Amino acid sequence: MVFTPAEHSLTPNCETVNQAQQYFSSVVELAKDKGLIGQFLQPYQEVLGAADKWAEQNAQYAEKHKDPNRLPSPDPWQFLLDAPVVSAKSKEVFRAAQSQLGALCQLIHIAQGIATLNIDWYQESINARVKGDESRYCHAISKVANGHVIHARVQEHLRKQNNPESLKQMEHLWKKRRAQLVHRGYGKQINQPIPWPSWKQFRNHNGLPVVLVEWWVRCGADGVPGLMFWRNEALTKFLKLHLDQSNLNPPAIKKVRQQLGLLSVGDKKHFVWDVSIKNDGKGTREIKGCGRNGEQCFSGLVYPQKQVSSAVLLSVR
């Protein structure tokens, strides 16, 4: 099967990629954060530059060799997890931070229409190929192809490549997709290829998973810890207000977190046990958090949204 994500992902501009990578995967940048992630990284200043460089080299190698398991951003966390100088407590935090990158990859695939919270068909195709399960691989990769072929951006990219085999396969998949929708009574929905998904629109329809992934490691400004440091009940209290979803509950949030593979910083070691929240009426939240002993552990602001979302979607490799 020649029609795979690696073959028709488009290259974003360097500024966009740098913005996303600095936010998600530069430990040098994250060490400047005023929240807990900055506090955990600062003692290791001497190795943070090496971690970023190592991660970028690995990412370039994976891109050059079209590694199907490559992440949307470099992973400096593994360097720190392997470093003898890093304490066991810090490694627990860095392992939770590392889980954000895999969750980000799944989130991008959901936006592209080739994954759900329950299953990532692209990752499923990789797993099936490794196991030698040809039947499962063909089923999974067909789901990926069907999800991608409906997008105008993908069709335009393949036509520019002018590869007869890819074009033939695209037309076959396009006709098959149309026939399926006609059979289900939705034929009018696919008269034309659809635009590449808007991250803003995707975020509006998938607020909970997007916020969990974006704010898992760092959150807000002036010292608000990333959500991986929060107890689930405190997290629920915040997200019910922030997402305006009064029906959210701790089990539902925990399920979504687990579906995305996001690791929290230990079930009984959360730094944020409870929070109090004030809203300025414009979407900015003033949050005060306390630890398990009831003492205040932070006070800071969380703004309605961050300026990184569009860069996230464009940074997919």
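Start at 1 with the first residue, then count along the sequence. Just so we're clear, the structure is a prediction, and the values are computed from it rather than from any experiment.
Counting heavy atoms from C-beta outward, Val265 and His270 have side chains that stay 4.5 Å or more apart. Using a 4.5 Å heavy-atom threshold, the side chains of Tyr137 and Asp133 count as separate. Between Arg203 and Glu214, the closest side-chain pair of non-hydrogen atoms falls below 4.5 Å. Val224 is not listed as a side-chain neighbour of Leu301, based on a closest heavy-atom distance of 4.5 Å or more. A heavy-atom distance below 4.5 Å is found between the side chains of Val27 and Trp77. Side-chain atoms of Ile119 and Thr116, non-hydrogen and from C-beta on, do get closer than 4.5 Å to each other.
For the atom pair SG (Cys219) and CE (Met228), the distance works out to 11.5 Å, reported to the nearest 0.5 Å. Between the CG atom of Leu239 and the CG atom of Leu208 there is a distance of 6.0 Å, given to the nearest 0.5 Å. The line from CG of Leu104 to OG of Ser99 is 11.0 Å long, rounded to the nearest 0.5 Å. Atom SG of Cys297 sits about 7.0 Å away from atom CG of Leu36, to the nearest 0.5 Å. The distance from the OG atom of Ser264 to the CZ atom of Arg95 is 12.5 Å, given to the nearest 0.5 Å. Rounding to the nearest 0.5 Å gives a distance of 9.0 Å between CD of Glu233 and NZ of Lys254.
With hydrogens and angles disregarded, no donor-acceptor distance shorter than 3.5 Å links the side chain of Asp120 to the backbone of Gln106. The closest donor-acceptor contact from the side chain of Trp216 to the backbone of Leu263 lies under 3.5 Å. Between the Lys237 side chain and the Asp274 main chain, no donor and acceptor come within less than 3.5 Å of each other. Using a distance-only test at 3.5 Å, with no hydrogens or angles considered, no donor-acceptor pair links the side chain of Gln39 to the main chain of Ala31. Tyr122 places a side-chain N or O within 3.5 Å of a backbone atom of Pro68 that can act as its donor or acceptor partner. Between the side chain of Asn206 and the backbone N or O of Pro209 there is no donor-acceptor pair closer than 3.5 Å. Judged purely by atom type and a 3.5 angstrom limit, Asp52 uses its side chain to pair as donor or acceptor with the backbone of Val28. Between the Arg257 side chain and the Leu262 main chain, a donor and an acceptor come within less than 3.5 Å of each other. Checking side-chain atoms of Lys91 against main-chain N and O of Leu81 turns up a donor-acceptor pair under 3.5 Å.
Closest of all the heavy-atom pairs between Leu260 and Ala103 is O-CB, 3.3 Å. For the pair Ser299 and Lys288, the tightest heavy-atom approach, listed with the atom from each and the gap, is OG-CG, 3.7 Å. Listed here is the closest heavy atom pair of Arg70 and Lys66: NH1-C, 3.3 Å. Gln259 and Asn118 make their closest contact through NE2-OD1, 2.8 Å (heavy atoms, listed as atom of the first residue, atom of the second, distance). For Pro76 against Ala51, the heavy-atom pair with the smallest separation is CB-O, 3.7 Å.
Hydrophobic clustering keeps Phe79 apart from Tyr61 (ILVMFWY residues linked when any side-chain heavy atoms are closer than 4.5 Å, directly or through intermediates).
Annotation: His139 is in aromatic contact with Trp121 [ring centroid separation under 6.0 Å]. Aromatic pair Phe271/Phe40: centroids less than 6.0 angstrom apart.
The side chain to side chain contact (heavy atoms under 4.5 Å, CB included) test with Leu41 singles out one residue from Leu48, Val86, Val93, and that residue is Leu48. Between Leu235 and the choices Val272, Leu212, Leu248, the side chain to side chain contact (heavy atoms under 4.5 Å, CB included) rule is met once, by Leu212.
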| message | If you apply the rule side-chain contact (heavy atoms from CB on, under 4.5 Å), what do you find for Phe298 with Ile287, and how did you get there? | response | CA-CA 8 Å; Phe298 77 87; Ile287 303 180; 3.7 Å; yes

Next on the checklist: side-chain contact (heavy atoms from CB on, under 4.5 Å) for Asn249 and Lys240? Distances and angles first, verdict last.
Outcome noted: CA-CA 8 Å; Asn249 55 60; Lys240 286 174 72 172; over 6 Å; no

* Asked: Do Asp75 and Asn58 pass the side-chain contact (heavy atoms from CB on, under 4.5 Å) test, and can you show the C-alpha distance, the side-chain angles, and the key distance before you say yes or no?
  -> CA-CA 8 Å; Asp75 175 14; Asn58 282 348; over 6 Å; no

*Verdict with reasoning, Leu107 to Phe202, per side-chain contact (heavy atoms from CB on, under 4.5 Å)*: CA-CA 10 Å; Leu107 197 66; Phe202 174 73; 4.0 Å; yes

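For Gln296, the CD atom is densely surrounded, since the number of other residues' heavy atoms within 6.0 Å is greater than 12. Annotation for Asp244: atom CG does not count as buried by contact number, only 12 or fewer foreign heavy atoms lying within 6.0 Å. Surrounding NE2 of His65 are more than 12 heavy atoms belonging to other residues, nucleotides or ligands, all under 6.0 Å away.
Taking the charged nitrogens against the carboxylate oxygens, Lys32 and Glu29 do have a contact shorter than 4.0 Å, which makes a salt bridge.
By the 30° and 60° cut-offs, the orientation of the rings of His242 relative to Phe238 is parallel. In this structure, Phe94 and Tyr44 have perpendicular ring planes: the angle between them is above 60°, well past the 30° mark.
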